[in-house]
Asks: 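Pasting a structure here, questions to come.
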Amino acid sequence: MVEADPETVVRNYYDAVDDERYDDLVALFAEDVRYERPGQGAIEGREELREFYLEGRPLEEGNHEVDDLVVDSDTVAVRGSFTGRQGGEDVAFAFADFHEFEDGAIARRYSFTDRDEV
């Protein structure tokens, strides 16, 4: 992975997920990444993360709009909105994500939305 500042890495994450470039997306994360979403089991490690994006993610397609992004040392907080498809239906919702970095990669990620499952 090419060294980049945390803001650039996080913006690259949203571009990669929206463009369904999952190999590029997974490369932004640490080998032992942990991704947590309320009410759902944690995703641990790059391989589980890759599998989630390829097979387990309930969102079928869509785009993230970043409204606010704050960098504080090794943590990036993002507030934004998502519009896309889930379960064959149009969806739109707000989200807040926190990305914690170690050695230039996202080591922990936390997502919060007003939907039951994303």
Asks: Output, in order, the C-alpha distance, side-chain angles, deciding distance and verdict of side chain to side chain contact (heavy atoms under 4.5 Å, CB included) for Val17 and Arg57.
Replies: CA-CA 11 Å; Val17 73; Arg57 186 173 182 244; 3.9 Å; yes

Asks: Of all residues at least two apart in sequence or in a different chain, which pass the side chain to side chain contact (heavy atoms under 4.5 Å, CB included) check with Val71?
Replies: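 Val71: side chain to side chain contact (heavy atoms under 4.5 Å, CB included) contacts with Glu7, Leu69, Val76.
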
Asks: Taking the side chain as every heavy atom from C-beta outward, state whether Arg85 and Asp90 have any pair of such atoms under 4.5 Å apart.
Replies: yes

Asks: Can you give me the closest heavy-atom contact between Glu61 and Phe82, atom names plus distance?
Replies: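 Residues Glu61 and Phe82, closest heavy atoms: O-CZ, 3.4 Å.
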
Asks: Just do the side chain to side chain contact (heavy atoms under 4.5 Å, CB included) check on Val10 and Phe101 with the steps written out, would you?
Replies: CA-CA 10 Å; Val10 169; Phe101 282 75; 3.8 Å; yes

Asks: Can you sort out the partners of Glu44 under side-chain hydrogen bond (donor to acceptor under 3.5 Å, both in side chains), two or more places apart, ordered by chain and number?
Replies: Arg34

Asks: Could you state the interatomic distance from CD (Glu60) to CD (Gln86), rounded to the nearest 0.5 Å?
Replies: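 It is 7.5 Å, given to the nearest 0.5 Å.
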
Asks: Name the atoms and distances for all side-chain donor-acceptor pairs under 3.5 Å in residues 19-32, with sequence neighbours left out.
Replies:
| residue | atom | partner | partner atom | Å |
| --- | --- | --- | --- | --- |
| Arg21 | NH1 | Asp24 | OD2 | 2.8 |
| Asp23 | OD1 | Arg50 | NH1 | 2.6 |
| Glu31 | OE2 | Arg46 | NH1 | 2.7 |

Asks: Identify, with sequence neighbours excluded, every residue that meets side chain to side chain contact (heavy atoms under 4.5 Å, CB included) alongside Thr8.
Replies: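 Result, side chain to side chain contact (heavy atoms under 4.5 Å, CB included) vs Thr8: Ala4, Asp5, Asn12.
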
Asks: Within 45 degrees of the ring normal and closer than 6.0 Å to the centroid, is that where the cationic atom of Arg11 sits relative to Tyr14?
Replies: no

Asks: Tell me who clusters with Tyr110, hydrophobic residues only, linked when side chains sit under 4.5 Å apart either directly or through other members.
Replies: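 Traced through the cluster, Tyr110 reaches Phe98, Phe112.
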
Asks: Does the side chain of Ser111 come under 3.5 Å of the side chain of Asp97 through a donor N or O and an acceptor N or O?
Replies: yes

Asks: Going by heavy atoms in the side chains, are Glu48 and Val33 under 4.5 Å from each other?
Replies: no

Asks: Are side-chain heavy atoms of Phe93 and Leu59 found at a separation under 4.5 Å?
Replies: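 Sidechains of Leu59 and Phe93: in contact.
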
Asks: Return the set of residues passing salt bridge (charged side-chain N to carboxylate O under 4.0 Å, His left out) with Glu102 (not counting sequence neighbours), or none when no residue passes.
Replies: Arg108

Asks: Enter the distance from Ile106:CD1 to Tyr13:OH here, rounded to the nearest 0.5 Å.
Replies: 8.0 Å

Asks: Applying side chain to side chain donor-acceptor pair (under 3.5 Å), which residue pairs with at least one partner in residues 66-75 are found, sequence neighbours left out?
Replies: Asp68-Arg79

Asks: Flag the pair Val78 / His64 as yes when at least one side-chain heavy-atom distance between them is below 4.5 Å, and no otherwise.
Replies: no

